[in-house]
Amino acid sequence: MQGMMMHRPLRIIDILRHAAEAFPDQGLVSARDEGDIHRAAYPEILGRVAQLARALRDMGIGPGDRVATLAWNGHRHFELYYATAGIGAVCHTLNPRLPAEQLAYIMQHAGDAALFIDPSLVALAEGLADGMPAGLRCVVMTDPARMPATALAAACYEELLAPHAADYDWPELPEESAAGLCYTSGTTGHPKGALYSQRSTVLHAMSVPLSQTRSFVAGRRVLPVVPMFHVNAWGLPYTAPLTGMTLVMPGKALDGASLYALMERESVYSGWGVPTVWANLLDEIDRRGRPPAGFADLVVGGAAMPRAMTDAYEDHGITVSQAWGMTEMSPIGTNGVVPPVLQGAPRDAQMAVKTSAGRRNFGLEFKIVDDDGTPLPHDGQATGELHVRGNTVIAAYFRNDAATRAAFDAEGWFGTGDVASIDATGRLVIRDRAKDLVKSGGEWISSIDLENAALAHPGIRACAVIAIPHPRWDERPILVAVAEAGARPSLEEVHARMAPHFARWQLPDDLVLVDELPLTATGKVSKLTLRDRFADYTLPDLREGGA
Ligand code: AMP
């Protein structure tokens, strides 16, 4: 028997319409490219989104057309998210930290019809001009007075909006329509596109606050340090208006001092970003002796947050929760919120949750499988590749059959490439990226576990473990580290800290100190680059005369 309820399509624009009605005093605070601070409440932003939608239609942009952005976190970028979705077009966020060659490839592959650019990224766009799709329309996101001189035939954003009325009769769209496009470049080969729908985006926005309960409080302020070009800033441009929060948009200045100043001035309650960002902020907190006033909730993802850093923030009274996810998952898959049964428990018991990748959000299914694809028990011990499925997981890569065939198992689950264990309470522990594990003498060594142990050494500021080929053992781990100012950590000291937690053969063979670690375009340590840099490196026991 069929239920007898209405079926109304889920639409992204309805999130903003809801915010404008239910939370008219909340909105966006943006540190803009032009150097000023812009403030607008959701009703005003909805009006500008309507103007922009009319402008896009005037430019000939319609349903299914890809509109690219080269922009930091700010209100105009937010307006583009909603105006494109509102008319059924697709917002395609480009990561300005990618090499020009990859950006050109991505734009060609996506077949972008327009490109909206922040003033500080105009020079980057000019450098891409030859690689851009034919007929691409460029718009610089500023007002006429601050329009930069450019070789691009570019229109001015505020001039485009100005003539248009601030209302729009938003069309009914099939909820499966594409709304967002983001390429992931964490792998070798060409970047691959995840094409989000209206439905997947709204479901993601509704499910994340259900699990990440502490972070969403109507009337408070949330700071996405995670860029809007990296998986829609983890969905915050949707979850914040939906839950009545004000978004504090940091623009391009993401160093510790700038973030601290912005958070302090704007009373940010919750901040979201990758560990490298939180390491920089922690330096600033140490310098000033206290965290920014009002900062109470920190969500970290993209890579594991080391225990030492988690402790440091918790000591300052800031609740840390780790989320795990992927571009292919919209992106959030888990939450690290401490469950009621552990609230009030000693910190060590809570840390078992906080230092894990958390527990799965409602609507997602997880399984771990061995090399043959056989499911393994969720007993906290068995370790295998994590496979996922759910309404917010990609069903295929955009225009890439080969990558799609490689990514899904026979039952249609998506293979994440992460090697993990899951315990009986659903706690997910990411042991490694499959490609980052070190295989020594037929046994696997987790680079993440070694890195976390090494970071407990007070003289180590940042580090990465990589595998070096070895004729006898296949591979051996080495630790590449950045020392704290004035410190000179030794391999013996690091071994001493690791010894209680690892077998002897699992310890790194060498410690190499470097000035800095290479980062990927999304702010994670780039092991790919590091492995390239160490291509000619010789392990101590293979050096002439041995070690
Ligand atoms: P991206 O698609 O760029 O968001 O990268 C996704 C990958 O980042 C995942 O497959 C993981 O390898 C890694 N990742 C994301 N969140 C975490 C986390 N909390 N802990 C460990 N690794 C993570």
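Both counts, for ligands and for their atoms, begin at 1 and track the order of listing. What you see is a predicted model, and the numbers here were worked out from it, not measured in a lab.
Note: an N/O pair closer than 3.5 Å links Gly302 and ligand 1 by distance alone. Checked by distance only, ligand 1 and Thr522 stay at 3.5 Å or farther apart across all their nitrogen or oxygen atoms. Geometrically, ligand 1 and Thr416 share no nitrogen or oxygen pair separated by less than 3.5 Å. Not one N or O of Ile430 is nearer than 3.5 Å to an N or O of ligand 1, by distance alone.
The distance from ligand 1 to the heavy atoms of Met326 drops below 4.0 Å at these ligand atoms: 2 (O), 4 (O), 6 (C), 9 (C), 10 (O). Every atom of ligand 1 is numbered from 1 in the order shown, and the set under 4.0 Å from a heavy atom of Gln322 is 18 (C), 19 (N), 20 (N). Distances below 4.0 Å separate heavy atoms of Arg433 from the following atoms of ligand 1: 10 (O), 12 (O).
Of all the heavy atoms in Ala71 and Met141, the pair that sits closest is CB-CE, 3.3 Å. Nearest heavy-atom pair across Tyr82 and Pro241 is OH-CG, 3.6 Å. Scanning both residues, Ser447 and Lys527, for their nearest heavy atoms gives OG-NZ, 2.9 Å. The heavy-atom pair separating Gln198 from Ala85 by the smallest distance is NE2-O, 3.0 Å.
The ring-ring contact (aromatic ring centres under 6.0 Å, His included) with His92 is formed by just one residue from the set Tyr196, Tyr183, Phe229; it is Tyr183.
When the options Ala323, Ala304, Cys182 are ranked by their closest heavy atom to atom 19 (N) of ligand 1, first place goes to Ala323. Among Thr184, Thr520, Thr327, the residue whose heavy atom sits closest to atom 1 (P) of ligand 1 is Thr327.
Residue Lys524 touches ligand 1 through its side chain alone, judged by heavy-atom distances below 4.0 Å.
You'll find the side chain of Phe295 reaches within 4.5 Å of the side chain of Leu281, heavy atoms only. Using a 4.5 Å heavy-atom threshold, the side chains of Pro224 and Leu247 count as touching.
The shortest separation from a heavy atom of His230 to ligand 1 is under 4.0 Å, placing the residue in contact. At a 4.0 Å cut-off, at least one heavy atom of Gly325 sits close enough to ligand 1 to count as contact.
Using a 4.0 Å cut-off between charged side-chain N and carboxylate O, Lys354 and Glu314 make a salt bridge.
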